[in-house]
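Heads up, the thing below is written out as structure tokens.
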Amino acid sequence: MAEETVNWLNLADKFASEGNPQGMRACARELWEKDARTKLEGAAVMAEAALYSGALDEAESLVDEILREHPQHLRARLIQGGIAAKRFQLDVCLPELQAVVRDGEHKLSALDPSDAYYATIAGILMKVHGWLADARYLAAQPELAAQDIRACADMAADPLQRADLYSKSLFMENYREHAVRESRAMAEHYNELLEVKPYVHDAAAKIPDKKLRIGYVSPDFREHAVANFVEPLLRDYDKSHFSVYVYATGKHDAVTKRLQRNRVNWRNIQGRAPRTAARLIAEDQIDILFDLSGHTQDSCLPILTYKPAPIQISGIGYMNTTGLGTVDYFLSDAVCLPAGDEKAEAGFTEKILRLPHSHLCYAPQVVHHMPPAGVEAPSIHKGYVTFGCFNDFNKVTDELLLLWRGILDAVKDSKLVIKGKICSVPSGCAIVKERMKKLCFDLSRIELRPYSPDYLEQYHDIDVALDTAPYPGGLTTCEALYMGVPVVSMRGRTHGARFGASILKNAGVEELLMENDVNYVRRAVQLGRSPKLIQAYHGALRRQVEKSALMDAKQYMRELEQAYRDIWQDYCLR
């Protein structure tokens, strides 16, 4: 391909990476109008710009024209897969995008890395891996989605982008069980990707009894799962011994406004580069900086690599190690990481900051107006028991599905409701049904429900919730209990796998927590055969949860602030 053509294509890809479809269209016109040989390339770039602008009909028309003339055109096929992905046609986009990866890698292997066209094909491959990761995530294939994200990371030229993509792959890896050493090693590689010079705090005043400045940094001070656990941190702290600073890196909404009513120092640092954000935090002379994001979307960990505070903690929003050498502690509790569990602790690069009760405090009203709990179990009037799972279907393994099938087989006439984003599109429902069909489910007893804003009210249709494993529910479990629905869960072997166990124990329903899959099935079956017991839970659970350690904000903050004081005094003695 001519060098000038390649230059226009690479410039268009640069505009694409910057989110500039207008710039892409300008490049497309140059190619389109140049001559007959480059017209197809111009049409393909124009179609890609239309795809990113949401003009799917325009993109489809252009792609159809290109593929009629050149059926193997790589960029056109990428866009065709992207259009199907935008329309949530998983059955179309998954095989098409996989084929583009295969053919793109074959083309790339035939090129010399010094060839300018090599960068063009590599750019297409990076995009297709991104589209494929999103499609596989929706299709509940987290292992494959993580592989695609890592492939994107490997091809990223910008170090910060490479680290961000790799961080996303770490999040997806949590959906499946890994050996402790393997999980830690994957996280430590993230540390290697971010080479920055951290702040040094040798001049910090080490006064043990000083009034401590606590900083909380997160992209999720908004309508987000994490916001259900934030308000006690901002509302119930000891104002005579602590000052609280909030560093909001994400979008603002009505939940943000409600959180801002608390007596805290609020800093909106959305859009700031990590280095700039770190400098602002350092200027506030924060003593202890608490990251609530970990390896989640729009992670704040790049800020923590600069070590803007002498003591840094991560936790609540993410259930595994950060892998960062600049993060000193990870917040946990006596259930998630019992004292003496050296094997589980070995999975963390941080020291474990262990609270005696729950490491988080559920405070839902700031995010949602919580509907009344269902005081009457639905089986009372339906005449059969309905089990349910509202967790992300990425958490559902085939091994877990077999346990669910065993529960349905043992509880006569029972049904199972699965609710989530994968059930929001026909192709997603087809994937779920196909998986269950292979495992010999009676599909007439399965109901697939799409995600909907009224999902909390729909707990009124559920008698017993079934937790996922090895990645249990967090907010989902809290919400089910608060809506009066008992949740059967398993205690795993790692901090993240024991998250559900901590919630159940601190909510005062430890009897719903099982140690293995056999007892998980037995307890669910026992409940399914005991309508009076189900009814007792539905009638009393909300009041019990409200009085439990899971929602005791004052006790939680006393324990957390004592932990802050302990690690600060330890720092002063060093």
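To the nearest 0.5 Å, the span separating CG on Leu550 from CG on Leu481 amounts to 7.5 Å. Taken from CG in Asn519 to CG in Leu513, the straight-line distance is 10.5 Å, to the nearest 0.5 Å. Asp467 CG to Cys389 SG: the interatomic distance, rounded to the nearest 0.5 Å, is 7.0 Å.
Ion pair Asp64/Arg68 not flagged as a salt bridge, since none of the NZ, NE, NH1 or NH2 atoms sits closer than 4.0 Å to an Asp/Glu carboxylate oxygen. Between Asp164 and Arg162 no salt bridge is recorded (no basic side-chain N to carboxylate O distance below 4.0 Å). We find that Glu223 and Lys251 are not joined by a salt bridge, their nearest charged nitrogen and carboxylate oxygen being 4.0 Å or further apart. Electrostatic pairing of Arg25 and Glu58 counts as a salt bridge here, judged by a charged N lying under 4.0 Å from a carboxylate O. Using a cut-off of 4.0 Å between Lys/Arg side-chain N and Asp/Glu carboxylate O, Lys415 and Glu447 are scored as not salt-bridged. Ion pair Glu143/Arg136 not flagged as a salt bridge, since none of the NZ, NE, NH1 or NH2 atoms sits closer than 4.0 Å to an Asp/Glu carboxylate oxygen. Classification of Asp103 and Arg77 as a salt-bridged pair holds, one side-chain N sitting under 4.0 Å from a carboxylate O. A salt bridge is absent between Lys421 and Asp392: the closest approach of a Lys/Arg side-chain nitrogen to an acidic carboxylate oxygen does not fall below 4.0 angstrom. One finds no salt bridge joining Lys168 and Glu173 here, because no Lys/Arg side-chain nitrogen approaches an Asp/Glu carboxylate oxygen to under 4.0 Å. The existence of a salt bridge linking Arg445 and Asp413 is excluded, since no basic side-chain nitrogen approaches an acidic carboxylate oxygen closer than 4.0 Å.
Aromatic ring centroids of Phe441 and Trp404 lie 6.0 Å or more apart. Here the two rings, on Phe171 and His295, have centers that are 6.0 Å apart or farther. For an aromatic pair to be called close, the ring centres must be under 6.0 Å apart, and Tyr216 with Phe221 fails this.
Side-chain atoms of Glu48 and Tyr52 include a donor-acceptor pair closer than 3.5 Å. Counted by atom type alone, Tyr520 and Glu515 present zero donor-acceptor pairs between their side chains at under 3.5 Å. Asp333 and Ser358 form no side-chain donor-acceptor contact under 3.5 Å, judged by distance and modelled atom types alone.
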Practice task
Begin from the C-alpha positions of Ser183 and Asn320 and carry the test side-chain contact (heavy atoms from CB on, under 4.5 Å) through to its verdict.
Solution key: CA-CA 9 Å; Ser183 180; Asn320 208 339; 3.1 Å; yes
Practice task
Could you give me the CA-CA distance, side-chain angles and deciding distance for Arg493 and Glu177, then say whether salt bridge (Lys or Arg N to Asp or Glu O under 4.0 Å) is met?
Solution key: CA-CA 10 Å; Arg493 291 176 288 185; Glu177 194 165 24; 2.9 Å; yes
Practice task
For the pair Lys127 and Asp13, evaluate salt bridge (Lys or Arg N to Asp or Glu O under 4.0 Å) and give the outcome as yes or no after the intermediate values.
Solution key: CA-CA 10 Å; Lys127 292 172 190 175; Asp13 286 334; 2.5 Å; yes
Exercise for the section: Start with the C-alpha distance between Leu533 and Leu527, add both sets of side-chain angles, then the distance that settles side-chain contact (heavy atoms from CB on, under 4.5 Å), and finish with yes or no. Expected result: CA-CA 7 Å; Leu533 182 56; Leu527 277 173; 3.6 Å; yes
Exercise for the section: Kindly indicate, with the supporting measurements, whether the criterion salt bridge (Lys or Arg N to Asp or Glu O under 4.0 Å) is fulfilled by Arg87 and Asp57. Expected result: CA-CA 11 Å; Arg87 290 173 173 164; Asp57 290 342; 3.1 Å; yes
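With contacts defined as side-chain heavy-atom distances shorter than 4.5 Å, the pair Leu541/Val509 qualifies. Residues Cys478 and Pro364 fail the side-chain proximity criterion, which asks for heavy atoms closer than 4.5 Å.
Of all heavy-atom pairs between Leu90 and Ala135, the closest is CD2-O, 3.6 Å. Ala146 approaches Ser169 most closely through the heavy-atom pair O-CB, 3.7 Å.
Screening Arg150, Gln147, Met155 against His129 for a side-chain contact (heavy atoms from CB on, under 4.5 Å) leaves a single residue, Met155. If you run side-chain contact (heavy atoms from CB on, under 4.5 Å) between Tyr318 and each of Leu301, Val226, Leu170, only Leu170 comes through. Paired with Ser332 under the rule side-chain hydrogen bond (donor to acceptor under 3.5 Å, both in side chains), one option of His495, His359, Arg498 passes, and it is His495.
Judged purely by atom type and a 3.5 angstrom limit, Glu96 has no side-chain atom pairing as donor or acceptor with the backbone of Gly82. Checked by atom type and distance alone, the side chain of Ser548 pairs as donor or acceptor with a backbone atom of Asn506 at under 3.5 Å.
A cation-pi arrangement is not found for Lys395 relative to Tyr175, the charged atom failing to lie both closer than 6.0 Å to the ring centre and inside a 45° cone about the ring normal.
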